[in-house]
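For the numbers below, each heavy atom of this structure counts, side chains included, while hydrogens, waters and symmetry mates do not.
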Amino acid sequence: MKEIIINKNDAGQRVDKFLLKTFKNLPSSLIYKAIRKKDIKINSKRCQPNSKLEIGDTLVIYIRDEFLEEKYSKEEFLHAPSKLDVIYEDENILLINKKPGLIVHPDKNYHFDSLVARLQHYLYKKGEYSPQSENSFVPALVNRIDRNTGGILIAAKNAETLRILNQKMKQRELRKFYLCIACGKFEKKEDTLTAYLEKDEKHNKVRLYNAPRESTKIIKTKYSVIAERDEFSLLEVELLTGRTHQIRAHLAFKGHPLLGDIKYGNSQTNKEKGYTRQALYSYKLKFDFSTTTGIFLSYLNGKEFSVSDVWFVDDFYKF
């Protein structure tokens, strides 16, 4: 048996979603069976899978302890450094400038160091995150960037902010702008490109087509040429959709691969210029709220944040 007191970061969730998020060995089938048998109760009363949790509720779970191992290690993040390049911070969010080469989320090869682990360590040292007092919430990132791409990442300090910004991201109310160096010169100095993207999970790659197929999703990429040097173009790109490898694959599909891109680019050109990672940086973010969801974050609406020191820009003007 386990008893959990619901706190602010747990409130507002369905009980089934909360349990799946909190316990890594608890299968959904067992959750629904336990709810039917009244082995999961809220405030000593029967509940339903979609019952919403409120602050101060007592959730009692009569399930064997072997299924109630918590999903998140309480101490693993302490192995990661705690230093972050913070662009902006308030009581709800952090904007972090991620350097190329740092993985965003841990994987089997980089288990103890990732940006999300550094975020948790940073907030822990500030006294703004206590894993012992949280049941299901950990500070988390709203967006993500490829390991070898740098730029601005949005972190949420509490569950309500995370839910709202995830929704704003889906509704395209967070505008993301990138700088990149593309090979070749563009006939149109600004344009919005459209294609259809298919993911190849096995090879961690995407394929693009001019017409839709059963397994594709539409992508839209807006660009403008800032400057040209030799046979290269410095672009500002705005993502109008957010798909895997979108900028890299879309520009390569149009005959303008990114300099340094080892997956979609030109290996000979990369070697000649000495670039071993893609010249791509998420350098600007604008909060452009058009809905009233999450009004307590309205103070962010219209604000714009940017990174001034992008590693390849000075290099470009020396080409």
Side-chain angles (χ1 to χ4, degrees), residues 1-77 90-94 104-106 114 116-117 119-120 123-124 128-144 153-171 173-174 289 291-298 300:
M1 189 272 281
K2 191 175 185 67
E3 181 177 292
I4 299 173
I5 305 299
I6 300 304
N7 63 27
K8 180 180 178 181
N9 283 326
D10 302 325
Q13 299 183 71
R14 290 169 47 128
V15 66
D16 57 348
K17 303 298 184 185
F18 169 81
L19 292 169
L20 285 170
K21 188 186 298 182
T22 304
F23 302 110
K24 65 180 179 181
N25 296 326
L26 187 56
S28 58
S29 58
L30 183 55
I31 291 173
Y32 298 126
K33 181 180 179 181
I35 289 175
R36 287 196 307 271
K37 293 177 64 180
K38 304 180 187 178
D39 289 337
I40 297 175
K41 295 183 178 181
I42 301 174
N43 301 327
S44 302
K45 296 180 181 179
R46 183 175 187 172
C47 65
Q48 298 299 324
N50 63 352
S51 295
K52 288 291 182 71
L53 297 169
E54 298 182 4
I55 297 175
D57 281 348
T58 300
L59 180 65
V60 179
I61 309 163
Y62 296 96
I63 294 176
R64 294 200 307 272
D65 289 344
E66 64 192 84
F67 293 107
L68 300 180
E69 183 179 348
E70 293 180 356
K71 182 167 289 189
Y72 300 103
S73 167
K74 300 297 187 185
E75 298 180 354
E76 281 187 359
F77 67 86
D90 63 32
E91 67 274 16
N92 297 310
I93 73 164
L94 268 167
V104 172
H105 293 100
S114 63
V116 75
L119 164 69
Q120 292 162 16
L123 293 175
Y124 176 82
E128 295 186 32
Y129 169 52
S130 172
Q132 287 74 27
S133 64
E134 296 291 348
N135 298 311
S136 65
F137 177 76
V138 292
L141 299 170
V142 177
N143 57 327
R144 61 188 305 161
L153 285 164
I154 311 164
K157 291 185 177 183
N158 54 68
E160 186 175 8
T161 295
L162 182 61
R163 285 194 293 270
I164 290 167
L165 290 183
N166 278 337
Q167 185 173 354
K168 297 292 189 186
M169 184 71 72
K170 290 178 182 177
Q171 294 169 329
E173 297 180 45
L174 302 174
F289 299 161
T291 62
T292 57
T293 304
I295 195 166
F296 89 101
L297 293 178
S298 60
L300 293 169

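- Other residues, nucleotides and ligands place more than 12 heavy atoms under 6.0 Å from the OH atom of Tyr32.
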Apply side chain to side chain contact (heavy atoms under 4.5 Å, CB included) to residues Leu141 and Leu119 and explain how you reach the verdict. CA-CA 9 Å; Leu141 299 170; Leu119 164 69; 4.2 Å; yes
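- Surrounding OH of Tyr124 are at most 12 heavy atoms belonging to other residues, nucleotides or ligands under 6.0 Å away.
- Annotation for Ile5: atom CD1 counts as buried by contact number, over 12 foreign heavy atoms lying within 6.0 Å.
- In terms of modelled atom types and a separation under 3.5 Å, the side chain of Thr22 and the main chain of Leu19 share no donor-acceptor contact.
- Of the residues Ile61, Ile63, Leu26, the one that meets the side-chain contact (heavy atoms from CB on, under 4.5 Å) test with Ile31 is Leu26.
- Side-chain atoms of Asp16 and Asn50 include no donor-acceptor pair closer than 3.5 Å.
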With side chain to side chain contact (heavy atoms under 4.5 Å, CB included) as the test, would you mind laying out the steps for Phe77 and Val116 before giving the verdict? CA-CA 8 Å; Phe77 67 86; Val116 75; over 6 Å; no
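- Distance alone, capped at 3.5 Å, is enough to place a donor-acceptor pair between the Lys168 side chain and the Thr293 backbone.
- Applying the 6.0 Å contact sphere to CD of Glu54 captures no more than 12 heavy atoms from other residues, nucleotides or ligands.
- The two atoms that bring Cys47 and Val15 nearest to each other are SG-CG1, 4.4 Å, heavy atoms only.
- Here the side chain of Asn135 pairs no donor or acceptor atom with the backbone of Asp10 at under 3.5 angstrom.
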